[in-house]
Protein chains: 2
Amino acid sequence: MRTANRRPGGRSAGVKPGGRAAPRHETTADRIKDYILGEGLQPGDLLPTEAELCEHLGVSRSNVREAVRQLTTLDIVEVRHGHGTFVGNMSLDALVESLVFRGVLVPGDDLRALREVIDLRLTLDLAMAERIVDAFRGTTNPELHALVKEMVAKATSGSPFPDEDRAFHTGLLARLDNSLVGQLVGAFWDVHTAVVPKLGVSVAVDLERTARAHGEMLEAAEAGDPERFRLAVTTHYEPIQRSLDERAK
Amino acid sequence: MRTANRRPGGRSAGVKPGGRAAPRHETTADRIKDYILGEGLQPGDLLPTEAELCEHLGVSRSNVREAVRQLTTLDIVEVRHGHGTFVGNMSLDALVESLVFRGVLVPGDDLRALREVIDLRLTLDLAMAERIVDAFRGTTNPELHALVKEMVAKATSGSPFPDEDRAFHTGLLARLDNSLVGQLVGAFWDVHTAVVPKLGVSVAVDLERTARAHGEMLEAAEAGDPERFRLAVTTHYEPIQRSLDERAK
DNA sequence: GCCGATTTGTGCGTATGTATG
DNA sequence: TCATACATACGCACAAATCGG
């Protein structure tokens with residue numbers, strides 16, 4: 001089922017072909033986006049104050065505030081209290097927040113959304129295996145090895161290592177010519193870490209095995225062996241998937 | 001005109017451990033989300049009016065409106081003018097809008113974001129090949145065949161077929177046990193169709209070849225042949241990818 | 001088809017907290 | 001410390017849209 005009449009890309013004019021009227025704050029948001037594009041502003045650049053935007057766009061403060069709020073949600077703009085409004089970094093935080101809420105909303109199967117997210121991470125890691133090993137073949141990556149070492153150390157002491165885990169996976173995908181994949185996987189990882197505590201479930205995993213699988217992935221990539229890399233990826237996801245499967249039934 | 005101005009003598013919530021203050025509308029949005037979860041509301045259910053939310057949450061209407069605007073952007077709630085506020089259908093429209101804007105923002109390489117999106121669609125279609133053919137093996141799917149027929153007919157007459165194309169791909173992935181994949185691919189498709197006109201590029205593709213590749217994908221899936229399916233997928237994306245590569249040069 | 005009740009959309013004035021100089 | 005600029009927040013009045021009688 002698809003959302004019938006929605007206009008994801010936005011529109012500069014106030015009406016759409018169907019004849020339906022668009023709320024003013026929607027068009028105001030689009031006009032602010034057009035302003036950013038027209039001025040060629042980049043992430044971090046300063047935007048006009050709300051008052052200036054009101055005058056420039058000919059709308060009220062309430063209107064620009066709601067438009068700015070919408071753009072803030074999408075990380076297209078970023079507001080700092082008492083300082084000003086800036087162009088945002090275009091992160092995928094909106095996707096994260098959306099998926100997190102859906103993950104805790106689904107009533108019947110609490111873990112379905114979480115399983116789907118992890119399944120998608122596994123799928124992408126496997127699908128990118130060739131490209132990753134091609135990018136890492138014959139290279140040395142001290143920063144990634146340091147992350148693995150840190151993860152192993154924390155695993156042996158029984159403490160989790162969420163930050164290193166995320167940095168490792170995004171570090172692997174950062175070498176690709178497709179930056180969207182890395183950002184998506186990072187977003188899915190954020191969904192994972194945000195949903196788990198909200199569900200009140202303790203997903204116990206084999207920390208040491210997970211940590212060592214990271215090292216195996218990195219070595220396989222540097223050795224240029226796609227098959228070994230895929231095997232390490234599968235091993236890496238085994239603990240968390242088994243933990244979820246046990247809880248599901 | 002002094003009216004009841006609540007004094008924040010005791011802040012109930014709104015401060016984060018770091019000491020930094022959290023904007024009120026952020027906490028208001030979270031409280032609305034908590035209300036939805038607490039009441040067990042499902043997509044389409046009616047929410048209290050803005051006035052009732054103001055009273056219930058103890059904040060002003062402006063604040064409620066900004067919070068609702070944020071939730072509207074994420075498709076967590078849906079507002080209908082003069083009717084009411086409802087729980088949204090949790091689509092990935094926010095992701096679409098975010099990616100579309102980023103796609104047109106990148107200054108140097110206009111088509112990079114578009115190429116990444118299409119590359120990701122291709123990757124997901126290929127990665128899901130086994131599961132798709134497993135789901136379709138030995139089945140008959142008149143509605144998908146009808147879509148293919150429609151696409152071929154439009155292709156021979158020289159007209160594009162965006163709606164049928166999208167419906168076909170999401171229809172294939174709808175059979176999977178992972179609904180997130182289908183929604184993601186649909187979102188990427190929307191990004192594609194929204195970005196192309198904004199960039200002012202006419203991505204000329206071989207319509208007939210694309211249309212026939214859809215039929216080949218469906219038949220391969222029904223025949224239970226993953227390799228044939230993957231080949232059809234690759235053929236399907238060839239025209240658009242070549243068109244993009246030529247433009248990128 | 002009109003009317004009125006309900007609900008969201010918009011504009012405006014004002015007060016407050018915060019960062020900068 | 002004070003002054004200025006700005007974002008944040010509140011409250012009200014009116015406009016526009018929707019639905020039911």
Side-chain angles (χ1 to χ4, degrees), chain A residues 5 11 14-16 18-32 44-73 75-88, chain B residues 1-16 18-32 35 44-73 75-88:
Chain A
N5 49 7
R11 180 172 305 273
V15 287
K16 49 194 237 166
R20 291 255 329 128
R24 174 112 66 176
H25 57 260
E26 289 276 352
T27 73
T28 302
D30 289 338
R31 290 172 67 186
I32 295 177
D45 289 351
L46 182 63
L47 267 70
T49 68
E50 293 182 353
E52 288 171 323
L53 284 176
C54 294
E55 187 180 4
H56 188 284
L57 302 178
V59 295
S60 71
R61 273 178 186 75
S62 317
N63 204 306
V64 293
R65 281 188 63 74
E66 292 193 12
V68 166
R69 198 63 49 216
Q70 176 180 342
L71 297 179
T72 302
T73 306
D75 204 9
I76 288 176
V77 307
E78 178 182 352
V79 290
R80 275 183 286 225
H81 196 138
H83 193 189
T85 307
F86 303 82
V87 180
Chain B
M1 60 193 60
R2 258 242 84 96
T3 42
N5 212 357
R6 295 172 236 315
R7 191 33 284 191
R11 245 304 39 79
S12 55
V15 282
K16 306 196 156 183
R20 288 279 318 142
R24 176 110 77 183
H25 60 263
E26 287 278 352
T27 73
T28 302
D30 288 339
R31 290 171 69 185
I32 294 177
Y35 176 87
D45 289 351
L46 182 63
L47 266 68
T49 69
E50 293 180 354
E52 287 172 325
L53 283 176
C54 294
E55 188 180 5
H56 188 293
L57 302 177
V59 295
S60 72
R61 198 163 94 105
S62 315
N63 197 296
V64 169
R65 283 189 60 78
E66 291 194 14
V68 167
R69 198 61 49 216
Q70 177 179 342
L71 298 179
T72 302
T73 305
D75 204 9
I76 288 176
V77 307
E78 181 180 351
V79 175
R80 277 183 282 223
H81 191 168
H83 193 190
T85 307
F86 303 81
V87 179

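To find a chain, count down the sequence lines: A is the first, B the second, and so on, and within it residues start at 1.
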Considering all heavy atoms, the nearest [X]-[Y] contact:
| X | Y | result |
| --- | --- | --- |
| A:His56 | A:Arg31 | O-NH2, 4.2 Å |
| B:Val77 | B:Val68 | CG2-O, 3.8 Å |
| A:His25 | A:Asn63 | CA-OD1, 3.1 Å |
| A:Leu71 | A:Ala29 | CD1-O, 4.0 Å |
| A:Gly44 | A:Phe86 | O-CD2, 3.5 Å |
| A:Ala67 | A:Ile32 | CB-CD1, 4.2 Å |

Could you tell me how far apart [X] ([atom1]) and [N] ([atom2]) are, to the nearest whole angstrom?
| X | N | atom1 | atom2 | answer |
| --- | --- | --- | --- | --- |
| A:Arg80 | D:dT8 | CZ | C1' | 16 Å |
| B:Glu78 | C:dT7 | CD | C1' | 15 Å |
| B:Gln70 | D:dT8 | CD | P | 12 Å |

(message) Using a strict heavy-atom distance below 4.0 Å, which residues from residues 47-59 of chain A are in contact with DNA chain D?
(response)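 Of all residues in residues 47-59 of chain A, the ones placing a heavy atom under 4.0 Å from DNA chain D are A:Thr49, A:Glu50.
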
(message) Can you say whether a donor on the side chain of A:Thr85 sits under 3.5 Å from an acceptor on the base of D:dC6, or the other way round?
(response)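 Counting by modelled atom types and ignoring angles, no donor-acceptor contact under 3.5 Å is found here.
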
(message) Any donor-acceptor pair, under 3.5 Å, between the side chain of A:Ser62 and the base of C:dG11, if you only look at N and O atoms?
(response)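 Yes.
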
(request) Would you please confirm or rule out a distance under 4.0 Å between OP1 or OP2 of C:dT18 and any side-chain N or O of A:His83? (result)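 No, because none of the side-chain N or O atoms of A:His83 sits under 4.0 Å from OP1 or OP2 of C:dT18.
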
(message) Taking 4.0 Å as the cut-off, does a side-chain nitrogen or oxygen of B:Arg65 come that near to OP1 or OP2 on C:dG9?
(response)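 So the side chain of B:Arg65 is within the cut-off, an N or O lying under 4.0 Å from OP1 or OP2 of C:dG9.
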
Can you tabulate the close N/O pairs, meaning under 3.5 Å, that link protein atoms to atoms of nucleotides 13-16 of chain D?
unit_1: D:dA16; atom_1: N3; unit_2: B:His81; atom_2: NE2; d: 3.2

(request) Between C:dT10, D:dT8, D:dT18, spot the one nearest the side chain of A:Asn63, thanks. (result)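 Shortest atom-to-atom distance from the side chain points to C:dT10.
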
(request) Identify which nucleotide among D:dT8, D:dA9, C:dT20 has an atom closest to any side-chain atom of A:Arg69, counting heavy atoms from C-beta outward. (result)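 From the listed options, D:dT8 comes nearest.
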
(message) Assess the residue pair B:Arg65 and A:Arg69 against the criterion (side-chain contact (heavy atoms from CB on, under 4.5 Å)); give the C-alpha distance rounded to whole Å, side-chain angles, the decisive distance to 0.1 Å, and a yes or no.
(response) CA-CA 10 Å; B:Arg65 283 189 60 78; A:Arg69 198 63 49 216; over 6 Å; no

(message) For a 4.5 angstrom cut-off between non-hydrogen side-chain atoms, does A:Leu47 reach A:Val87?
(response)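 Sidechains of A:Val87 and A:Leu47: in contact.
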
(message) Whether A:Arg61 and A:Glu50 form a salt bridge (side-chain N of Lys/Arg under 4.0 Å from carboxylate O of Asp/Glu) is what I want to check.
(response)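 Result for this pair is no, no salt bridge flagged.
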
